[in-house]
Participant: 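The following block contains the structure, expressed as structure tokens.
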Amino acid sequence: MEINTIERLKKEKNAVILAHYYVDGDVQAAADVVGDSFTLAKLATNLDAEHIIMAGVEFMGETVKILNPDKHVYLPDLDADCPMAHMVQVEKIEEMRKQYPDLAVVCYVNSTADIKAHSDYCCTSSNAAKIVSAIDSDTIFFIPDGNLGRNIQGQFPDKTFINNDGCCPVHDQMTPEKIVNLKNAYPDAAVFAHPECKPEVLEHVDYKGSTKGILKAVGDLDRDVNIIITEQGLLYELEKNYPNKKFIFPDMICEGMKKVTNEKIAAILEKGINEIHVDPALAERAKLPLDRMLAICN
């Protein structure tokens, strides 16, 4: 599918394409904006387009729809999903609230609308620490990604963290041994990793942060060779920003993100299929923790 065709259809339909860094490079090339989940969530509240295509997985489409209830929001593949988004249940949240009366439920944006609706604050990997720093409660239930919670809790010695046992299967597979082997193979390389990795993995890296943070840090550290511990889709933006640098990625692929293709985007533009709908009452409740995140990080 040629990008020129998508450009023509976008203009005809008054549509905009948002893409996450983890989708394939040709999809990123066709998008109007490429970013991490926080960048896209924030941008979604200021769009004029009538139709928004979220080139990513299901929770991203839901989040854009929640923030833009009066717009038409589409997902290229309705089966593109994030396993982590389903790794906590409402019953668990309610149980924890009964057990800890001062509990604040901090929900990673990688979650379903139903889970957001039962949470107090949303966060992303780029702003999780900032969100927690704005919370008065002494007890934090961090859901659904336990790794991200564990990776920031050391910054808050006065708070008690209860970290959910969910994880990103792609990032959770990385081990310290794999990092050491990569560093031995490329001794002059800098190592960058996403905080969805286990804490013991991050002990071996030069920089830990969101996808957007990694992009900036590669420029700040300015090494010729860079080991990137996150999903391989980030390579497209890295090579675009740093054409003279070398990037080493381990085998880390999100199957859900790879279901997104330009052919499926064109089908939306041509036929109006795969529109995302969120129950208005649920969306209103799920919007509260998102609004709190955007207010804190505005």
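Heavy atoms only: backbone and side chains are in, while hydrogens, waters and symmetry mates are out. Position 1 is the first residue of the sequence, and the numbers go up from there.
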Participant: Could you tabulate the donor-acceptor pairs under 3.5 Å formed by side-chain atoms of residues 179-189, not counting sequence neighbours?
Facilitator:
{"from": "N181", "atom 1": "ND2", "to": "E177", "atom 2": "O", "distance (Å)": "3.3"}
{"from": "K183", "atom 1": "NZ", "to": "H204", "atom 2": "O", "distance (Å)": "3.1"}
{"from": "N184", "atom 1": "ND2", "to": "V180", "atom 2": "O", "distance (Å)": "3.3"}

Participant: Tracing side-chain links under 4.5 Å among I, L, V, M, F, W and Y, which residues wind up in one group with L288?
Facilitator: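 Noted: L288 shares its cluster with no other residue.
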Participant: Among all residues two or more places apart in sequence or in another chain, which pass the side chain to side chain donor-acceptor pair (under 3.5 Å) test with D220?
Facilitator: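 So D220 forms a side chain to side chain donor-acceptor pair (under 3.5 Å) with K216.
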Participant: Applying the side-chain hydrogen bond (donor to acceptor under 3.5 Å, both in side chains) criterion to S111, which one of H86, K116, H118 satisfies it?
Facilitator: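 With S111 as partner, H86, K116, H118 yield a single side-chain hydrogen bond (donor to acceptor under 3.5 Å, both in side chains), made by K116.
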Participant: How close do M87 and P169 get, heavy atom to heavy atom, and via which atoms?
Facilitator: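 Nearest heavy atoms, M87 then P169: CE-CG, 4.2 Å.
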Participant: Do you know the tightest heavy-atom contact between V57 and G256?
Facilitator: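 Where V57 meets G256 most closely, the heavy atoms are CG1-C, 3.8 Å.
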Participant: Would you say the side-chain atoms of N147 and D172 include a donor-acceptor pair closer than 3.5 Å?
Facilitator: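 There is such a pair between these side chains.
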Participant: Between F247 and Y242, how do the two ring planes meet: parallel, tilted or perpendicular, split at 30° and 60°?
Facilitator: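 Tilted: the ring planes of F247 and Y242 meet at 30° to 60°.
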Participant: Cut-off 3.5 Å, no hydrogens considered: what does the side-chain donor-acceptor table look like for residues 20-27, sequence neighbours left out?
Facilitator:
{"from": "H20", "atom 1": "ND1", "to": "Y22", "atom 2": "N", "distance (Å)": "3.1"}
{"from": "Y22", "atom 1": "OH", "to": "T230", "atom 2": "OG1", "distance (Å)": "2.6"}

Participant: Share the residues that join L103 in a hydrophobic cluster, the rule being Ile, Leu, Val, Met, Phe, Trp or Tyr side chains under 4.5 Å apart at the heavy-atom level.
Facilitator: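 Cluster partners of L103: V88, V90, I93, M96, Y100, V105, I115, F141, I143, I162.
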Participant: Spell out, as yes or no, whether a donor-acceptor pair under 3.5 Å connects the side chain of N164 to the backbone of D145.
Facilitator: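 The answer is no, because no donor-acceptor pair under 3.5 Å joins these two groups.
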Participant: Please determine, by modelled atom types, if D102 and S137 share a side-chain donor-acceptor pair under 3.5 angstrom.
Facilitator: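 No, because no side-chain N or O of D102 sits under 3.5 Å from a partner of the opposite role on S137.
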Participant: How long is the straight-line distance from CG of L40 back to CG of L18, given to the nearest 0.5 Å?
Facilitator: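 Here the interatomic distance stands at 5.5 Å.
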Participant: Indicate whether the side chain of R223 and that of N226 have a donor and an acceptor atom separated by less than 3.5 Å.
Facilitator: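 There is no such pair between these side chains.
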Participant: For K245, what residues pass the salt bridge (Lys or Arg N to Asp or Glu O under 4.0 Å) criterion, not counting sequence neighbours?
Facilitator: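 Partners of K245 by the salt bridge (Lys or Arg N to Asp or Glu O under 4.0 Å) criterion, ordered by chain and then number, come out as D222.
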Participant: For a side chain to side chain contact (heavy atoms under 4.5 Å, CB included) check, start with the C-alpha distance between E237 and K240, then their side-chain angles and the critical distance, and finish with the verdict.
Facilitator: CA-CA 5 Å; E237 282 289 316; K240 188 168 75 172; 3.0 Å; yes
Participant: Considering residues, nucleotides and ligands other than E7, do more than 12 of their heavy atoms fall under 6.0 Å from its CD?
Facilitator: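 Yes.
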